[in-house]
Amino acid sequence: MAGDVLESSPASLPLAPSETVARRAVVVFRTAAGDLALDAALVEEVTVLGEATPLPFLPGHVPGLVFLRGRAVPLLDLAAFLDLAGPEEGSEGEELAERLVVVAADGMTVGLVSRRVRGVFELPAADFAAPDALGAEVRKYCQAQVSYDGRLVAVLDLPVLLRAARPRSAKVS
Amino acid sequence: MTEAGTRHHDLVVASAGGVLIAFEAARVEQISEEDATEALDAGVLLGLSGRRTAGRRLRVAGETLLVDPEVRLERFPASALSPTPEFLGEVFRRLGVLSVVRVRDRLALVLDVDAIPVGRRI
């Protein structure tokens, strides 16, 4: 099952070679805004994005709701919320929004719309730095930046992000 | 939402403004065809959408609502209803959404009939 939704199977992950190096586990996933990371402990599950019910009164960054394991889970489109243009469609042979990264923080559970999930990675804690190299709009919602596979990835501050992205009023069209 | 101790919910499910809505069946006083008498568009009234709905009239808690033609009375097991997601709690509270229920491959918003006047002010 994991092989269906993760780009890297857990068996191939670069796990810590030594107990002496402190490491942090992150989930790296791809959105229309590029690669982003989250502390793995905040991720409840990764699944295939099923049929979503759009609600026209919600803002554009909340494209709808899905039903997962008996509960309604709102979708959050980070690229729309952060107002970031993404890489060209299909640049890695990908389909838009085919995975859902279900996360929870501050009593809120949402499904992050993702093009693909690269995997769970245990990276040296020393590699995490203040998110100074990120754009201002992204930096507001990040706790760190980290290099992964030669790329700089933003590590999201999920509680801050969810509080900011939470809709406050209905949009009347 | 139903008699104490029951394990199901009887809901009247309708479409308004492109969104499925549901009311506790016991609170729906009448379902009738649309006619020339005054009714409130459910989609607009509830702040769901500006798209006009038309076809049926639901009399709920003293209000007559105009909804799309297909109206169903359906019984759902209690487990089919999901609490409103906290992420959308503020919006759903203002719209009077009590819970969410899966209706085939879509989700319907279960509305608090007593909150309809609140929805009107949105």
Side-chain angles (χ1 to χ4, degrees), chain A residues 38 42-45 48-78 80-81 100-113 141 156 158-173, chain B residues 7 9 13 15-22 40-53 68 76-112 115-116 118-122:
Chain A
L38 276 169
L42 300 173
V43 177
E44 290 191 350
E45 67 175 303
V48 175
L49 177 59
E51 190 78 24
T53 298
L55 296 175
F57 55 85
L58 294 177
H61 65 269
V62 185
L65 288 167
V66 293
F67 217 73
L68 277 179
R69 304 183 196 284
R71 63 181 174 167
V73 176
L75 305 179
L76 175 56
D77 182 342
L78 287 173
F81 178 65
L100 198 60
V101 182
V102 182
V103 298
D106 258 13
M108 294 179 275
T109 299
V110 303
L112 303 178
V113 177
Y141 309 112
L156 297 171
L158 193 62
V160 169
L161 175 73
L162 295 189
R163 285 195 294 269
R166 190 180 189 184
R168 297 293 194 278
S169 60
K171 178 185 77 177
V172 180
S173 54
Chain B
R7 294 176 180 272
H9 296 264
V13 181
S15 173
V19 174
L20 286 183
I21 57 175
L40 301 166
D41 185 289
V44 175
L45 176 75
L46 298 167
L48 295 176
S49 168
R51 187 169 76 78
R52 297 292 297 176
T53 52
D68 286 342
F76 297 91
S79 60
L81 274 68
S82 164
T84 57
E86 185 59 28
F87 183 69
L88 301 178
E90 200 165 322
V91 172
F92 277 10
R93 275 190 289 275
R94 293 179 66 177
L95 292 174
V97 180
L98 292 172
S99 58
V100 180
V101 64
R102 186 173 196 170
V103 182
R104 288 165 287 282
D105 59 346
R106 297 178 65 188
L107 297 180
L109 307 178
V110 181
L111 299 173
D112 179 357
I116 286 176
V118 175
R120 185 189 299 178
R121 289 197 294 271
I122 290 173

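Numbered from 1 within each chain, the chains take letters A, B, ... in sequence-line order.
Side-chain atoms of Phe67(A) and Asp105(B), non-hydrogen and from C-beta on, never get closer than 4.5 Å to each other. Within the 4.5 Å cutoff, no side-chain heavy atoms of Val91(B) are placed close to those of Leu55(A). The side-chain heavy atoms of Phe87(B) and Thr109(A), taken from C-beta on, include no pair separated by under 4.5 Å. In this structure, the side chains of Pro85(B) and Val73(A) stay at 4.5 Å or more apart for every pair of heavy atoms.
Distance CG/Leu88(B) to CE/Met108(A): 10.5 Å, rounded to 0.5 Å.
Among pairs with a residue in residues 54-76 of chain A, those fulfilling salt bridge (charged side-chain N to carboxylate O under 4.0 Å, His left out) read Glu44(A)-Arg71(A), Glu45(A)-Arg69(A), at least two apart in sequence or across chains.
Contact annotation for Val66(A): only backbone heavy atoms (N, CA, C, O) come within less than 4.5 Å of a heavy atom of chain B. Using a 4.5 Å cut-off between heavy atoms, Ala165(A) contacts chain B through both its backbone and its side chain.
Under the 3.5 Å distance criterion, the side-chain polar atoms of Arg166(A) are matched with a main-chain donor or acceptor of Glu86(B).
Scanning for side-chain hydrogen bond (donor to acceptor under 3.5 Å, both in side chains) contacts around Arg106(B) gives an empty result, with sequence neighbours left out.
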